[in-house]
Number of protein chains: 2
Amino acid sequence: MTTSRKPRPDKARTGNRGENRREALLEAAASLFGTKGYDGTSIREISSAVGMLPGSIYYHFPSKEDLLLAVHEQGVNSVLRAVQEAIGKLPEDDAWARLEAACVAHLESLLGENSFSQVVTPQFTRSLEEPLRSSLIAQRDRYEKLFVELVDALDLPDGISKRHLRLSLLGSLNWSTTWYRKGRNTPATIAKRMVELYRYPLDISTARARS
Amino acid sequence: MTTSRKPRPDKARTGNRGENRREALLEAAASLFGTKGYDGTSIREISSAVGMLPGSIYYHFPSKEDLLLAVHEQGVNSVLRAVQEAIGKLPEDDAWARLEAACVAHLESLLGENSFSQVVTPQFTRSLEEPLRSSLIAQRDRYEKLFVELVDALDLPDGISKRHLRLSLLGSLNWSTTWYRKGRNTPATIAKRMVELYRYPLDISTARARS
DNA sequence: CCTACCGATCGGTAGG
DNA sequence: CCTACCGATCGGTAGG
């Protein structure tokens with residue numbers, strides 16, 4: 001098993017060209033899938049976006065579905081990494097701060113430059129056919145478990161369902177993809193405000209119940 | 001072997017057969033668009049769902065886009081009617097009760113039997129091409145204005161953005177289409193819990209600030 | 001509404 | 001990766 005790969009540093013432009021082409025395809029597909037949907041994007045659009053002929057895509061990916069799967073996996077990994085990095089530096093005993101940091105990283109991924117993240121959202125998955133659909137959901141579950149833990153760590157007043165709080169908060173955040181416009185509030189600001197909407201009032205309630 | 005029978009029902013169903021067929025088309029299209037998306041649904045699927053040949057759809061609608069437009073308009077009207085009826089009976093001075101009733105009606109429409117409502121959500125509109133997209137958004141704005149008014153009527157503590165509260169709440173509600181499963185909590189229960197998540201804590205904050 | 005049909009486009013493939 | 005294709009399906013139409 002000789003799996004060490006060679007970067008080929010000799011010519012910057014044409015170096016590891018095969019890898020570059022594959023990544024270019026992933027990037028183009030992510031962007032097109034995100035804006036026009038899976039069904040609304042043709043193999044021809046993706047290939048021409050990277051200056052390739054339609055049939056050549058199948059040198060890199062066995063099918064359009066596999067291309068989506070690869071895009072989605074990269075999306076999940078990238079958001080997962082961003083959130084884990086954001087909460088990694090925070091102390092474990094401040095559950096609200098960790099949740100807020102996670103939400104900021106989440107929304108920055110979702111609304112930022114990264115085309116891959118848009119594909120990770122369940123609203124994208126909804127209209128897909130069944131074998132493909134389940135694969136994406138399985139990938140995404142890896143990510144959502146993170147938020148289950150973060151919300152579980154909160155200290156909440158009685159009568160507040162943690163599950164509904166999590167779903168409600170994620171809904172608030174994810175829904176912003178439908179109304180967000182660049183140039184106004186930054187994704188980080190929006191995320192913080194939305195967490196505040198739950199946090200301060202709930203904190204007050206908790207403190208009152210304690211006293 | 002059955003006796004050959006006429007494709008059209010007898011005089012039991014009265015003469016406005018054209019209207020029936022048109023409505024059947026709208027119903028089938030609403031259901032298919034909702035589950036498989038606009039691009040993912042073919043004219044042939046819609047027509048065969050109502051026992052019609054593909055070309056015959058164009059006797060009722062000039063194009064697939066117009067069919068979607070008609071479905072969407074009916075969806076907006078139906079949700080609008082449901083919400084207006086729900087808040088109509090409530091006194092104007094209880095702004096939270098009115099908002100809650102609106103959210104219940106909203107979610108019951110969205111998650112209920114009515115196939116048309118699913119098409120009203122912005123997440124459906126996102127991937128559509130531009131001329132069509134704007135038409136749908138314009139239709140939907142008629143509906144969203146209602147929630148602007150309902151949230152504006154709330155008495156909130158300082159520092160809480162009404163716009164973000166509205167967007168956050170609607171996000172929580174609309175996002176439930178991605179995780180809702182029949183048989184567990186009813187749409188009404190979910191809506192109430194989500195409004196509670198904002199309401200009681202915020203009420204407490206407001207009362208505290210007042211005293 | 002059906003019959004009969006269209007050009008365009010789709011995802012995908014064989015062979016180099 | 002390109003060349004050169006394929007069958008299937010798409011939205012839509014003319015004419016009755």
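Just so we're clear, the structure is a prediction, and the values are computed from it rather than from any experiment. Just so we're on the same page: letters track the sequence lines, and every chain starts at 1.
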For [X] and [N], give me the distance from atom [atom1] to atom [atom2], rounded to whole Å.
X       : N      : atom1 : atom2 : result
B/Ile43 : D/dT13 : CD1   : C1'   : 13 Å
B/Asp39 : C/dC10 : CG    : C1'   : 12 Å
A/Arg22 : D/dC1  : CZ    : P     : 12 Å
B/Leu32 : D/dG11 : CG    : C1'   : 16 Å
B/Leu67 : D/dG11 : CG    : P     : 11 Å
B/Ile57 : C/dC1  : CD1   : P     : 11 Å
A/Leu68 : C/dG12 : CG    : P     : 12 Å
B/Lys64 : D/dG11 : NZ    : C1'   : 8 Å

Is any side-chain N of the basic residue among [X] and [Y] closer than 4.0 Å to the acidic one's carboxylate O?
X        : Y        : result
A/Arg140 : A/Glu73  : no
A/Lys36  : A/Glu45  : yes
A/Lys182 : A/Glu113 : yes
B/Glu130 : B/Arg133 : yes

OP1 or OP2 of D/dC10 versus the side-chain N and O atoms of B/Ser42: is any pair under 4.0 Å?
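For B/Ser42, the contact criterion (side-chain N or O under 4.0 Å from OP1 or OP2 of D/dC10) is met.
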With respect to the phosphate group of C/dG12, does any side-chain polar atom (N or O) of A/Tyr58 fall under 4.0 Å of OP1 or OP2?
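For C/dG12, OP1 or OP2 has a side-chain N or O of A/Tyr58 closer than 4.0 Å.
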Dump the intermediate steps for side-chain contact (heavy atoms from CB on, under 4.5 Å) on B/Phe116 and B/Leu26, then the final yes or no.
CA-CA 9 Å; B/Phe116 290 90; B/Leu26 282 169; 4.0 Å; yes
Could you tell me whether B/Lys64 sits above the aromatic face of B/Tyr38, with NZ or CZ closer than 6.0 angstrom to the six-membered ring centre and within 45 degrees of the axis?
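Output yes; distance and angle both within limits.
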Both A/Glu45 and A/Pro62 contact DNA chain C. Which one's nearest nucleotide lies toward the 5' end?
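Residue closer to the 5' terminus by nearest nucleotide: A/Glu45.
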Measuring only between side-chain heavy atoms, which start at C-beta, is B/Gln123 closer than 4.5 Å to A/Phe124?
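No, too far: nothing below the 4.5 Å cut-off.
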Look through every strand shown and name the nucleotide pairing with C/dA4 as Watson-Crick or G-U wobble, where both distances are under 3.5 Å.
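In the structure as shown, C/dA4 has D/dT13 as its Watson-Crick or wobble partner.
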How would nucleotides 2-7 of chain D be written as a contact map, 5' to 3', with B for base contact, S for sugar-phosphate-only contact and - for no contact, using protein heavy atoms under 4.0 Å?
BS----
Using a 4.0 Å heavy-atom cut-off, does A/Ser47 contact any base of the nucleic acid, only the sugar-phosphate backbone, or nothing at all?
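The residue A/Ser47 makes no contact with any strand.
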